[in-house]
Number of protein chains: 2
Amino acid sequence: MERYDIAVIGTGPAGLEAAITAKVRNKSVLLLGNKGSSDKVSKAHTIQNYLGLPNVSGEDMAKAFLDHAKGMGIEITEDKVNAVYSMGQYFAIQCHGGDYEASSVIVAAGMSAMKPFAGEMENLGRGVSYCATCDAALYKGRTAIIVAYDAEDEEEAEFLAERAEKVYYLPQYDYAGNLGGNIEVSVDVKPSSIAYNDGVATLETDKGTFKADGIFILRQQIAPSQLVPGLQMDGNHIGVDRSMATNIKGLFACGDITGAPYQYIKAAGEGNVAALSAVSYLAELKKAQN
Amino acid sequence: MERYDIAVIGTGPAGLEAAITAKVRNKSVLLLGNKGSSDKVSKAHTIQNYLGLPNVSGEDMAKAFLDHAKGMGIEITEDKVNAVYSMGQYFAIQCHGGDYEASSVIVAAGMSAMKPFAGEMENLGRGVSYCATCDAALYKGRTAIIVAYDAEDEEEAEFLAERAEKVYYLPQYDYAGNLGGNIEVSVDVKPSSIAYNDGVATLETDKGTFKADGIFILRQQIAPSQLVPGLQMDGNHIGVDRSMATNIKGLFACGDITGAPYQYIKAAGEGNVAALSAVSYLAELKKAQN
């Protein structure tokens, strides 16, 4: 498997800046995220205080950022990250679409406004999981509920349904798909809480109760403490020092995920620092290996 | 005297971003620096990693930054700061061209590559000073040496010469002025060291020894520890936390002066954070006063 120098998770200003700075420093970069930057950028009305881009619309700012990255030959890999594991000398990055390796990782995944369902966090890793493709092998002959937030998740449902006996698919977006067979789609169903008892996962909704062997919640984004086992948090944010280092050697964080103020230029500035810290870390790592 | 909400010292990316963010937050801003941004910006060759401004020349970047500030009605006051004093509820800012007051201060003065002369730091406030206009009153009937780095300093020499008996002027730049009278100009003289004994300041140079009651070194920039009495340093940099707060309440710092990496986007990001921290401080201050 190709081992990248630096994996950057997130394509908002922090992630894009980290990627271009890493590229300037001649590092191989895996940039995981969204080809449209981030919703928080592209859907913003007008930004007044991103120095150098006066009075810019979110759409134009996203375009300027993406053009900058593209012009430097940086590609965005559209995949959702399920977990990042420190393996000592490198990191294993488990995504919905496959696995990757990198010598260092920069988490720039932003802050999700999404609140977990009641019972979600308590049952993570037991009845609840965030990646259907990752766990599909465990679902041979079993049943699963998928709470989905994006049309792209339909592919994941189909993959899971090849193994599972039955899949309940609850789209939380405007569903226009054609899932069928052993996938039962229920639209306009709002989940409220999750329980897990005696091997049965129960999802309460405004349209009644769903039961299965497990529940997959395909969030666009998952809590950073769940993303990276052992990561030290500072409240809801990843704890970092001024070099953007976390408590895990070789893993850095930047942007909204490290705390307020939630501002574009602050995020970009931190992305720059995180990338240069990762570059220093790689130099140390190389020295230690020689 | 008008008391500004926020005084920003420095017109590189950190200072300009701090000023525009403060302005967005409806604060009155005194921006002290250079109408051409900073030399470090305007003279840079090409910058590749300022997200949103791909492959930009330093000159174009400085223009983009200055246009942004100008478009928001921010004016730059061209003056050199000699000292910042915390007065409890406000700050007194002593400049070569006059004095100012502000409720909070953001130091974004960059890093000077200039090394002090041997003996300079030891004799600061005794035989050595950084502002001739500030101390002119003390020089009635006395003699002074001025080491100058900019044609603008000639005005300061003339002001001092109105009081002093004799001024030795040693320009360290291409001198094309017409100073005369009791000002003796010596070009191409390289100072090396300073001593101060029994009330006599001695400047050793490659062209011999100069003696006077005091020596003025009109640096473009002075060491931050000299700029703000009591300011806690972290090596050569101002010590700050992630909110860009220093050890002095109401005084913040950002950009190169707070440490590496010396990068434009990092500096701008910190300027944003410093401004928002100053805004929070002003809100607290107002609450405490009510």
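Here the structure is a predicted model, which is why all the values come from computation and not from measurement. In the text below, chain A, chain B and the rest are named by the order of the sequence lines, each starting its count at 1. We use all heavy atoms of the structure for the numbers below, so side chains are in, but hydrogens, waters and symmetry mates are not.
- Neither the backbone nor the side chain of A/V56 has a heavy atom closer than 4.5 Å to any heavy atom of chain B.
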| field | Worked check of side-chain contact (heavy atoms from CB on, under 4.5 Å) between B/L32 and B/I93 | value | CA-CA 10 Å; B/L32 289 159; B/I93 302 151; 4.0 Å; yes

| request: Apply the test side-chain contact (heavy atoms from CB on, under 4.5 Å) to residues A/V273 and A/C254: give CA-CA distance (whole Å), side-chain angles for both, the deciding distance (0.1 Å), then the verdict. | output: CA-CA 8 Å; A/V273 175; A/C254 51; over 6 Å; no

| request: Let me see the working for A/I20 and A/I74 under side-chain contact (heavy atoms from CB on, under 4.5 Å), right down to the final yes or no. | output: CA-CA 7 Å; A/I20 66 173; A/I74 294 166; 3.5 Å; yes

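- Taking CD1 of B/I238 as the start and CD1 of B/I257 as the end, the distance is 4.0 Å to the nearest 0.5 Å.
- The choice from B/G259, B/A64, B/G269, B/G271 that makes the most heavy-atom pairs within less than 4.5 Å of chain A is B/G269.
- With a threshold of 4.5 angstrom between heavy atoms, A/L276 approaches chain B through side-chain atoms but not through N, CA, C or O.
- Between A/L251 and A/F91, the closest side-chain pair of non-hydrogen atoms falls below 4.5 Å.
- A distance of 8.0 Å separates CG in B/L218 from SG in B/C131, rounded to the nearest 0.5 Å.
- Closest of all the heavy-atom pairs between A/A22 and A/V29 is CB-CG2, 3.6 Å.
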| task | May I have the step-by-step check of side-chain contact (heavy atoms from CB on, under 4.5 Å) for A/L31 and A/L16, ending in yes or no? | result | CA-CA 8 Å; A/L31 178 56; A/L16 289 170; 3.9 Å; yes

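- Using a 4.5 Å cut-off between heavy atoms, A/M72 contacts chain B through its side chain alone, with no backbone atom that close.
- Between chain A and the options B/A275, B/A268, B/A267, B/G71, the largest number of non-hydrogen pairs under 4.5 Å is found for B/A268.
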Please tabulate the donor-acceptor pairs under 3.5 angstrom that span chain A and chain B, backbone and side chains included.
residue	atom	partner	partner atom	Å
A/E17	OE1	B/L51	N	3.2
A/T21	OG1	B/N49	ND2	2.9
A/Q48	O	B/H68	NE2	2.7
A/N49	ND2	B/T21	OG1	2.9
A/Y50	OH	B/L51	O	2.7
A/L51	N	B/E17	OE1	3.2
A/L51	O	B/Y50	OH	2.7
A/G52	N	B/H68	ND1	3.1
A/H68	ND1	B/G52	N	3.1
A/H68	NE2	B/Q48	O	2.7
A/R242	NH1	B/T258	O	3.1
A/R242	NH2	B/T258	OG1	3.0
A/R242	NH2	B/E270	OE2	2.7
A/T258	O	B/R242	NH1	3.1
A/T258	OG1	B/R242	NH2	3.0
A/Q263	OE1	B/N272	ND2	2.8
A/E270	OE2	B/R242	NH2	2.7
A/N272	ND2	B/Q263	OE1	2.8

